[in-house]
Amino acid sequence: MGGNTDPPARQFAAAWRAAADALSDWQHKVSEVTGEALDKLDPAVRAMVEAGRSALTGSWRSCHCPCASAHPDDVGVCDGKAVLTRQLGEADVSLCAPCAVAQGVAEMPR
Ligand SMILES: [Zn+2]
Ligand SMILES: [Zn+2]
């Protein structure tokens, strides 16, 4: 009963404040936020910033698949509604289910 560890909610709140601070600055140029800027953030915060940025830009959970290069044989399958993220190169890319399947996520090791 020591209470010597922060409850997850408290950690989340602290992380969210950091993200909110970043977002308040980015709101004016949110569409220009680069991966470089995000790389400076803690991964947990970064995930929330990504979510916040998506909400701000109205592209929440939109697919960021580079269809033309990722799955050139199935460019038309993209439905734009991202359901998962996959690491492509050094970036996490939001993918919709059709794109994920087209890229062979089903074949990835679990
Ligand atoms: Zn795609
Ligand atoms: Zn897609």
Side-chain angles (χ1 to χ4, degrees):
M1 307 182 190
N4 56 352
T5 56
D6 283 348
R10 183 172 162 188
Q11 293 178 20
F12 180 91
W16 176 250
R17 274 198 297 275
D21 283 349
L23 282 172
S24 69
D25 182 41
W26 289 348
Q27 276 179 343
H28 306 290
K29 51 183 178 179
V30 70
S31 63
E32 300 170 16
V33 173
T34 64
E36 185 180 346
L38 290 174
D39 284 345
K40 296 175 184 173
L41 298 173
D42 180 88
V45 177
R46 176 174 158 178
M48 282 184 284
V49 169
E50 286 279 17
R53 179 168 65 137
S54 295
L56 285 169
T57 58
S59 58
W60 172 246
R61 282 187 169 271
S62 62
C63 180
H64 293 164
C65 175
C67 298
S69 59
H71 49 84
D73 291 339
D74 296 297
V75 172
V77 301
C78 182
D79 72 6
K81 290 180 288 190
V83 295
L84 55 80
T85 59
R86 181 186 190 188
Q87 192 157 13
L88 290 179
E90 296 188 354
D92 288 332
V93 177
S94 296
L95 296 178
C96 66
C99 284
V101 171
Q103 291 185 32
V105 165
E107 299 172 5
M108 291 179 70
R110 285 170 286 184

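Ligands are counted one by one from 1 in listed order, and the atoms in each one are counted from 1 as well.
Across every non-hydrogen atom of Leu95 and Ala100, the tightest pair is CD1-CA, 4.2 Å.
Here the side chains of His71 and Pro66 are not in contact, with every heavy-atom distance at 4.5 Å or above. Residues Cys96 and Cys78 meet the side-chain proximity criterion, which asks for heavy atoms closer than 4.5 Å. For the pair Gln103/Cys65, a side-chain contact is recorded, criterion being any heavy-atom separation below 4.5 Å from C-beta on.
Residues meeting the side chain to side chain contact (heavy atoms under 4.5 Å, CB included) test with Val75, sequence neighbours left out: Cys67.
Listing protein N, O or S atoms at distances below 2.8 Å from the Zn ion (ligand 2), with waters left out, gives Cys63 SG, Cys78 SG, Cys96 SG, Cys99 SG.
To the nearest 0.5 angstrom, Cys99 atom SG is 7.5 Å from Asp79 atom CG.
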